[in-house]
Amino acid sequence: MSDNFLTVIPADPYWQPGQAQADHAAAMLSGMLPDDDARRGMEATWCENVEVVHCGTNLDKISCSGCAADLGTSDWWGETVSARHRDGFPTLLITTPCCGAETSLNELVYDWPMGFARFRIEVLYPNRGWLTDEELTSVAGALGHPLRQILAHF
């Protein structure tokens, strides 16, 4: 059996909202879901440390934000993320192996989108695709912080 998720995360991986902000954003997102089944699968989660919010089998490519080199063809990304995870992600700052760009793991180009976060609102079986730009802006406004979205398939 496979699972599909629609997840929204703050653009700043370390930022977390208060309960009232999260509740307001979750209510806004709930109104964008097509049915009660999707609403039952929605959950807001706070984490002590940053976590990878992966897109699962949707991931096609990871590219350098500096030179567009494909970073998924080596073990560099996985090893780098694993090492940071063991340390609790105190930083996401990296130097890319291709061109030496100083960037963040969160700013690499993920084809399908992925990210890193200490807070997320996740919908299991959302029964819909991407949020529109207007919908994402509305949820971000309710949360009080810019958001990214991830569609995951596992």
With sequence neighbours left out, the residues meeting side chain to side chain contact (heavy atoms under 4.5 Å, CB included) with Arg128 are Leu6, Met32, Leu33, Pro34, Pro126, Leu131, Glu135

Output for pair (Ile9 CD1, Asn106 CG), nearest 0.5 Å, gives 6.0 Å

Closest heavy-atom pair, Ser65 versus Thr103, reported as atoms and distance to 0.1 Å, is OG-OG1, 3.3 Å

**Asked** Backbone N or O of Cys47 within a donor-acceptor pair of the Gln16 side chain at under 3.5 Å?
**Response** yes

Requested in this report: Spell out, yes or no, whether Leu71 and Phe116 are grouped together once hydrophobic residues are joined by side-chain heavy atoms under 4.5 Å, including indirect joins.
Outcome: yes

Give a yes or no on whether Trp46 and Leu124 share a hydrophobic cluster (residues Ile, Leu, Val, Met, Phe, Trp, Tyr; joining criterion: side-chain heavy atoms under 4.5 Å apart). no

Could you check whether any side-chain N or O of Gln21 sits under 3.5 Å from a backbone N or O of Gly18, counting only pairs where one atom can act as donor and the other as acceptor? yes

Hydrophobic cluster membership, with links at side-chain heavy-atom distances under 4.5 Å among I/L/V/M/F/W/Y: are Met42 and Met28 in one?
yes

Taking atom NE2 of His153 as the centre, does the number of heavy atoms from other residues, nucleotides or ligands within less than 6.0 Å exceed 12?
-> yes

When rounded to the nearest 0.5 Å, the distance separating OG1 of Thr45 from CZ of Phe119 is 7.5 Å

On a heavy-atom basis, the closest approach of Thr91 and Leu93 is OG1-N, 3.0 Å

For Ala152 and Gly56, the nearest pair of non-hydrogen atoms, with its separation, is CB-N, 4.5 Å

Salt bridge or not for Arg40 and Asp37, using N-O below 4.0 Å? yes

* To do: Answer yes or no: is there a donor N or O on one side and an acceptor on the other, between the side chain of Arg120 and the main chain of Val8, under 3.5 Å?
  => no

Requested in this report: Give me the ring orientation class for Tyr110 and Trp77: parallel if the planes are under 30° apart, tilted from 30 to 60°, perpendicular past 60°.
Outcome: perpendicular

By side chain to side chain donor-acceptor pair (under 3.5 Å), Thr95 pairs with (sequence neighbours left out) Glu102

Note: Phe89 and Val52 closest approach over all heavy atoms is CZ-CG2, 3.9 Å

When rounded to the nearest 0.5 Å, the distance separating CD1 of Ile150 from SG of Cys55 is 8.0 Å

By side chain to side chain contact (heavy atoms under 4.5 Å, CB included), Asp75 pairs with (sequence neighbours left out) Glu79

query = Between the side chain of Ser30 and the main-chain N/O of Ala26, is any donor-acceptor distance below 3.5 Å?
reply = no

Correct closest heavy-atom pair for Ala25 and Ala142 would be CA-CB, 3.7 Å

Q.
I'd like to know if Met114 and Ile94 are part of one continuous hydrophobic network [Ile/Leu/Val/Met/Phe/Trp/Tyr, side-chain heavy atoms within less than 4.5 Å].
A. yes

(Q) Checking the side chain of Arg118 only, and the main-chain atoms of Pro10 only, is there a donor and an acceptor separated by less than 3.5 Å? (A) no

Applying side chain to side chain donor-acceptor pair (under 3.5 Å) to Glu122 and not counting sequence neighbours gives Thr7

Worksheet entry | Check against salt bridge (Lys or Arg N to Asp or Glu O under 4.0 Å), Asp36 and Arg39 | CA-CA 5 Å; Asp36 287 339; Arg39 287 181 197 91; 3.2 Å; yes

TODO: Take the angle between the ring planes of His54 and Phe154 and call it parallel below 30°, perpendicular above 60°, tilted in between.
DONE: tilted

Separation between CD (Gln149) and CG (Asp133), nearest 0.5 Å, reads 8.0 Å

ask   = Looking only at atom types and distance, does a side-chain atom of Asn58 sit under 3.5 Å from a main-chain N or O of Leu151, one as donor and one as acceptor?
value = yes

When rounded to the nearest 0.5 Å, the distance separating OH of Tyr125 from CG of Asp3 is 3.5 Å

Across all chains, not counting sequence neighbours, the side chain to side chain donor-acceptor pair (under 3.5 Å) partners of Asp111 are none

| query | Should Leu136 and Ile121 be regarded as members of a common hydrophobic cluster, given that ILVMFWY residues are connected when their side-chain heavy atoms come within less than 4.5 Å of each other, either directly or indirectly? | reply | yes

With sequence neighbours left out, the residues meeting side chain to side chain contact (heavy atoms under 4.5 Å, CB included) with Asp12 are Tyr14, Trp15, His145

Minimal heavy-atom distance between Cys99 and Cys64, with the atoms involved, is SG-SG, 3.7 Å

